[in-house]
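In what follows, chains carry the letters A, B, and so on, assigned in the order in which the sequence lines appear, proteins first and then strands, with residues in each chain numbered from 1.
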Amino acid sequence: MIAPMFPITPLLPELQTVLASKSRLVLEAPPGAGKTTQVPLALRDAPWLDGKKIVMLEPRRIAARAAAQFMAQQLGEPIGQTVGYRIRFESKVGAATRIEVVTEGILTRLIQADPELTGIGAILFDEFHERHLAGDLGAALALDIQHTLRPDLRIVVMSATLDGERIAQWLDAPRISSPGRSFPVRIEYPPARTQESTEQHLVRVTRQALEENEGDILAFLPGRREIARVQGMMHALQRDDLEVVALHGELSLAEQQLALAAAEGGMRRIVLATNVAESSVTLPGIRVVIDAGLAREPRFDPNSGFTRLETLSISQASADQRAGRAGRVAEGAAYRLWPQSRRLDASRTAEIMQVELSGLALELAAWGSAELPWLDPPPAGALAQARELLIRLGALDAQQRITALGRRMLELGATPRLAAAALRAPEALHALVADLLALMDARSPLRGEQARSDDFRTRVSALHAWRDRRSATGSGHAADAGALAAIEQASKGWRQRLNLRSAASGMPHSHAVGDLLLHAFPDRIARQDEGNPLRYTLANGRGARLHEQTALLGEPWLVVLDLRHEARDSLVLSAAPLDPRVLEQDYPEQFRRVRNVRWSEGRAAVEAFEEHRFGAIVLERRSVPVQAEDAVPALLAAIRQRGLDGLPWSEAARRLRLRMQSLREWMPELGLPDVSEAHLLATLEDWLGPYLQNKRKLDALSEDELSQALAALFDYEQRKQLDAQAPDSLTVPSGQARRLEYSPGEPPVLAVKLQELFGLADTPRVAGGRVPVTLHLLSPAGRPIQVTQDLHGFWERTYPEVKKELKGRYPKHPWPEDPWTATPTHRAKPRGT
DNA sequence: CTCTCCCT
């Protein structure tokens, strides 16, 4: 079979030559260049391979299978001979396999299982520009291996974007660029009208695009909500030759295929898609792309421990990739719905920078080496949070070393949370565990009314009903048969890994699912609040609520599997009820009896309780007598409730605090103490606690004591700096001292009569000249005339006007022609006359 | 009540 010509084909000899002498290479090639299939084939007999095989990392299973298939076909062999692939629960490799295409998790397992990479001569990272977590980790590990154990290992990073320069610098590697094979795409930026929503804009541009172009249209939107809205609005186009279809990841395979199929005769197709259409599916017949320029990306917040989705502007690389979709079959057009002047980021933020990192942290603990040659190192905050979770799950010990359980979790190959739950489950429930691993990993197979169910058990019973009858509609479940078949396939894989013969049918009791999964989410155990059946408190102290049509009404205990983070409390999207006796048995250390002292504003008194808690959840609370040692904590609680203003501030102390806080902001290099309200409230124990000893009531604290407590926060040197750089008052040219009013975040205000400033050319400044004072210029009667930070400009431009106007009203006061040299005064008549 | 994509 003669190899077909690809755009990359002429570059293959150069690739060979470079790799003969260099162990690392960056290959830049746009989609359609043929790099995925032609590079491995070209390298398979390279002398430096020395009989070892090539491993190629592919970010998606479909792509891994397809690439292997294509290469085998080109060799005229069945798959599993020279070319094979390995994805989870599926392996098509043989003894003769020289090119092995693997997905991301497989590569990590391969490396961890044998850090010398015996029998592997080269690793190719395809689609590296997508910057998936596992790709970054795999590359860092491969580089580490090359530095230490295997200098002969070849590492080839293949990327579709222009970020190649940065990657080449990181790898210290030469760079080869290949042209792609696509048709020219005309780019337009039709502007939005004022008050026009993105959706309205998109519909209007669709109308325009239909007139200006032939062929089908692919429109990119950030999510399902926007797709549904636009779908509704398309009727406004009032054309009956249009077929509008949605395409997003939540659709079943059959529904996706419907979107991918070409339109029927005479009809023009408009595909409204999310990011799935950017890289994961190929769409035939597209001639026009309309791009809203938005995408949803997950952001993990290590402080709250939650991930939320944010709608963000896409990168330039992504915009180009999207536009390229219009040029695959013929020349096309792309309409971008953002202003041409907007600067997009060059490429998308690496996943490692913004996702939850427990899986990565566990891999790093197993690897043992602390420092890896990252392109972008994992953020310290997220890594610390991940390690805390791993300790909680039992995967790391207190010194953050991997435990035996942690190693077994890695071997199992599920996420750390789910692996922990699986490995703690009693053997009798392993068949159910396999189902839970498969279901937790997949999108919900439920359709229709039940798709909205927040009771995770509904999915489990749908799987069981389908398994028993091989029917997606049995037992009143409306479910997607294709999705269920895929879930069953995964469950079968987990059963094999757990050494089980048969599948689960039915649940042993109503709490079984929750009792198993609570070990995966010990921080997300929730207890129903008193008084409101929809509100819950999570073990981590946060609030959560069920939606109004919940299927979980009345369950006192839940383990929350999925929730959407909201400002006040979070919405439970998926949960399962549990039996609290399991908590008592498995987490006895989390149950505590604590004494809680608080201030009751209503009763203006100290109250003391003894509470029985699970984490932050209060199970039982009873009043106990208030004791002497309760007083200080209660008074501090009262202050926290009332705020700093509730304290007896003298005028001097109040001004001192504001000056100190302002100067700290203006001159951070002085290292002044933080006296902001937030910090003072947070540290009350330290600075005010000593002054509250032996006090029972808040008003027993005097102004003097409070002033002393504040003054004790800074030393003599700091006080001297304060008086020099943020003085309490300024002496103005008239010889009078005038107060400066400080207010954090703003320049200080000096209110002064105009006449007192005669002779002063420029605005006075504080903080070593960094901050000009805001002048409130007053009339002789003390009425405001002008607010300015530019005294020079005032004298020059505004003063002549002001003078004209005020001279008549205040004839006894001086209004000189030349304020620069006039004698300043605060009296009616200038001194000495 | 409406959440992108993907993987061991």
Side-chain angles (χ1 to χ4, degrees), chain A residues 57-64 86-91 102-113 127 130-138 220-229 247-251 256 273-281 292 294-299 306-312 314 318 321 348-349 351 354-356 358-360 362-363 366 409-419 422 437-438 440-444 449 451-454 490 493-494 497 534 544-552 562-566 569-575:
Chain A
L57 175 67
E58 205 54 52
R60 275 166 290 278
R61 293 186 218 178
I62 295 185
R86 262 203 281 176
I87 61 182
R88 183 163 71 176
F89 302 140
E90 194 178 330
S91 171
V102 302
T103 40
E104 295 176 331
I106 302 272
L107 179 75
T108 317
R109 294 276 59 73
L110 215 87
I111 293 176
Q112 292 276 20
E127 315 281 11
E130 293 189 11
R131 298 298 307 281
H132 289 181
L133 186 59
D136 272 21
L137 173 64
F220 284 98
L221 287 153
R224 281 172 70 180
R225 194 175 50 223
E226 292 82 356
I227 287 176
R229 235 181 269 150
L247 179 61
H248 52 78
E250 201 76 26
L251 296 177
Q256 287 201 17
T274 62
N275 246 344
V276 261
E278 193 178 308
S279 54
S280 305
V281 298
L294 300 167
R296 274 203 252 281
E297 284 183 14
R299 282 287 152 87
F306 290 119
T307 296
R308 67 183 105 186
L309 282 179
E310 284 180 10
T311 308
L312 300 166
I314 58 169
S318 188
Q321 174 98 354
R348 76 156 282 181
T349 313
E351 213 173 57
Q354 48 191 38
V355 300
E356 199 276 333
S358 59
L360 181 88
L362 189 55
E363 297 287 356
M409 284 163 62
L410 276 183
E411 275 163 33
L412 184 66
T415 61
R417 281 185 186 272
L418 291 177
L437 289 173
M440 286 290 291
D441 204 32
R443 295 173 191 272
S444 173
E449 208 41 33
R452 291 179 243 164
S453 172
D454 53 0
W494 291 117
R497 207 162 283 185
L534 291 179
R545 70 191 158 83
L546 298 174
H547 62 72
E548 310 254 316
Q549 282 80 47
T550 179
L552 292 162
D562 193 14
L563 45 69
R564 199 181 59 226
H565 192 61
E566 285 172 3
D569 44 16
S570 301
L571 178 70
V572 175
L573 296 173
S574 180

Could one point to a donor on the side chain of A:D562 or the base of B:dC3 with an acceptor on the other under 3.5 Å away?
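In this structure, the two groups form a donor-acceptor pair.
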Can you check whether [X] reaches [Y] side chain to side chain, under 4.5 Å on heavy atoms?
X	Y	result
A:E130	A:R60	yes
A:E356	A:R417	no
A:R224	A:T274	no
A:L294	A:E226	no

Strictly below 4.0 Å: does [X] bring a side-chain N or O up to OP1 or OP2 of [N]?
X	N	answer
A:R225	B:dC1	no
A:R564	B:dC3	yes
A:R61	B:dT8	yes
A:T415	B:dC7	no

Using a heavy-atom cut-off of under 4.0 Å over every strand shown, decide if [X] touches base, sugar-phosphate, or nothing.
X	value
A:L573	base
A:T103	sugar-phosphate
A:R109	base
A:A228	nothing

In whole Å, what is the span from the [atom1] atom of [X] to the [atom2] atom of [N]?
X	N	atom1	atom2	result
A:W494	B:dT8	CH2	C1'	7 Å
A:Q354	B:dC3	CD	P	18 Å
A:L534	B:dC1	CG	P	10 Å
A:N275	B:dT4	CG	P	11 Å
A:D441	B:dT8	CG	C1'	9 Å
A:E363	B:dT8	CD	P	13 Å
A:R308	B:dC5	CZ	P	20 Å
A:L563	B:dT2	CG	P	15 Å

5' priority, DNA chain B, between A:P298 and A:R545 [closest heavy atom]:
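The residue mapped nearer the 5' terminus is A:R545.
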5' precedence on DNA chain B between A:E297 and A:I106 (nearest-nucleotide basis)
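In this pair, the answer is A:E297.
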Which nucleotide, [options], lies nearest any side-chain atom of [X]?
X	options	result
A:V276	B:dC7, B:dC3, B:dC5	B:dC5
A:R296	B:dT4, B:dC1, B:dC6	B:dT4
A:T274	B:dC7, B:dC5, B:dT2	B:dC5
A:L309	B:dC7, B:dC3, B:dT8	B:dC3
A:L571	B:dC1, B:dC5, B:dC3	B:dC1

Is a side-chain donor or acceptor of A:E351 paired with a backbone partner of A:H132 at a separation under 3.5 angstrom?
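A pair under 3.5 Å: no.
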Between A:R348 and A:E297, does at least one N-O distance fall below 4.0 Å, as a salt bridge requires?
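A salt bridge is present here (some side-chain N lies under 4.0 Å from a carboxylate O).
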